[in-house]
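Note sheet for the following structure.
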Amino acid sequence: MIRRALLTGLTIAACLGAAAPVYAQVTREPLSPHPDPKSFARGLFGEAEIGTLVFLGGGNRDLGPGTVLGLRAGYEIVRFVAIQLHGLGSTHETRFPGRPQAGQLLQLYQASAELKLQIRIRQVAVAAMGGAGYARLSTNLLGTTGLTDPDRRTSQVLLAGGGLDYHTLSRHFSFGLCGLWARYAAIAVPGAITATAYARYTF
Amino acid sequence: MARQRAEVRAGLGLAIALAAAACNANEPVYFAPRGPAIAGDPGATGTGGAYGGGNLATQVVTLPFRAPDQDERARLRDEAQRLELPRVAWLRRSDVRLSLDYTITNLDRAPGVAQVLVNGANEVTRYDVEAILAAYAMAGTREEDQIVLSLFSGKPIEIPAGATVSGSVREDDFDEMALDLFALGMFNEEYAALLINHSHVNPKGLEMVPRQAPVPALYEIVVTLVANRTMEINFLVRVRDQGNRLRSGDQPLFAPEPMTFVPPIAP
């Protein structure tokens, strides 16, 4: 038994000793450690976002912050310019201290067209965007408080903001953060800030 | 590829339709009175001996419903014939869900007690406490013998000086008011028993009401604050218009002329 094990060991040692040395062979240029944004997909894209919407000034006293869900669809005309359609909805609980309007739920829906300018540096892109559209309130509650005209539910909205996009190197996918300031023509609040995180798929 | 695109388009269309439906399914509409009502203010509506000598203030909200169109009138006639009733209501409590939120502020320097009363009218019957008091006065009934009940009577609330309290009259309270007023409009024999008892606990006074008859909803809401100090009530009527009855645009306004309820008064 011991003799057989010794023989096997000697055979393995002989094989290893007789093997020729192996050298790495370079057949092409090594890959660049920096990704090339030109290889990222470009053109039609869609985004799904989630975040929060906070009213500014007196609006923050009367309307609580709300959860935002939104969708964007757009097209990159050139690598640094895109046009996009944006829809979002948010839910808020009213505050109105000492008034019967307190504690009601209110939804705000927005649809807007936006222009986006962005600069991409490797995986990261910095964007500025602006747009205009319409907002709709789910109820006429604000009309009973003087924040809107009575029974007014729609308002023009102007949007401006920016974003930070991080590409995953998987060609189609990227993630990012977006912040938008909104000004509502028919709602007597100084404005609102929307902060969202998004996932994006470029076709 | 073309099939995939068609599926995507169909999915998008369905998502948009569902989102639009979700936006409109349960959106309430709010109606506020012209201003707050102040009980105990020199300009308030008066004092009521029948309410225990408290100061009264009343505000009325008349909800703007649309009149039925020709087809809807025909359907109402058909339904009345089928149910063998003289008429059926256009505004029904199953279609028009009402609730009320209020705040009461004690404007006095001393604590006080406040109570909220709600009355109103459906398209057939108006329940007016002032009319009931007038009927008692006409009949020469002594004040202590008068029974003056409201369709809804909130519990008396103690309010510290300068404080504000809030409360609600819920949808099920309005359901009960609607049923009671419907019964009172048809058979007024059990007036007090009907209003004192909750229909789920003791359906006294409802025996003669046909079960299949649609119960009319209130379209006029009269809110009264009774307080022993100077107090202010602010309120908001919340309507969930599940039957698409609220008037919009230039639709013709529904303007019924209900009969005022008068209880049977023994001479």
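Note that the coordinates shown come from a computational prediction; the quantities given were computed from them, not determined experimentally. Numbered from 1 within each chain, the chains take letters A, B, ... in sequence-line order.
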Check your understanding: Which residues pass the salt bridge (Lys or Arg N to Asp or Glu O under 4.0 Å) test with Arg238(B), sequence neighbours left out?
Key ->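 Partners of Arg238(B) by the salt bridge (Lys or Arg N to Asp or Glu O under 4.0 Å) criterion come out as none, since no residue qualifies.
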Practice item. Can you tell me which residue pairs pass the salt bridge (charged side-chain N to carboxylate O under 4.0 Å, His left out) test with a partner in residues 217-229 of chain B, sequence neighbours excluded? Key: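 Sorted pair list: Arg126(B)-Glu220(B).
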Does [X] [atom1] have over 12 foreign heavy atoms under 6.0 Å away?
X	atom1	answer
Glu158(B)	CD	no
Ile119(A)	CD1	no
Tyr201(A)	OH	yes
Asp151(A)	CG	no

Point to revise | Side-chain touch Thr139(A)/Val29(B), heavy atoms, less than 4.5 angstrom | key: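 Sidechains of Val29(B) and Thr139(A): no contact.
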Review point. Are there residues of residues 50-65 of chain A that reach to under 4.5 Å of chain B by heavy atoms, and which ones?
Key: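 Against chain B, none of the residues of residues 50-65 of chain A fall inside the cut-off of heavy atoms under 4.5 Å.
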Exercise for review: Determine which residues belonging to residues 72-100 of chain A lie within contact range of chain B, meaning some heavy atom pair is under 4.5 Å apart, and list them by number or answer 'none'.
Suggested key: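 Interface residues of residues 72-100 of chain A: Gly98(A), Arg99(A), Pro100(A).
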Exercise for review: Starting at OG1 of Thr144(A), measure out to CZ of Phe31(B) and round the result to the nearest 0.5 Å.
Suggested key: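 Reported to 0.5 Å precision, the distance equals 10.5 Å.
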Exercise for review: Calculate, to the nearest 0.5 Å, the distance between atoms OH and OG1 belonging to Tyr30(B) and Thr145(A) respectively.
Suggested key: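 Taking OH in Tyr30(B) and OG1 in Thr145(A), the distance rounds to 11.5 Å.
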Point to revise | Engaged part of Thr164(B) at the chain A interface, taking heavy atoms whose separation is under 4.5 Å | key: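 For Thr164(B), side-chain heavy atoms alone lie under 4.5 Å from chain A.
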Check your understanding: For residues Gln101(A) and Asp101(B), is any side-chain donor paired with an opposing acceptor at under 3.5 Å?
Key ->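 Note: Gln101(A) and Asp101(B) side chains miss the donor-acceptor criterion.
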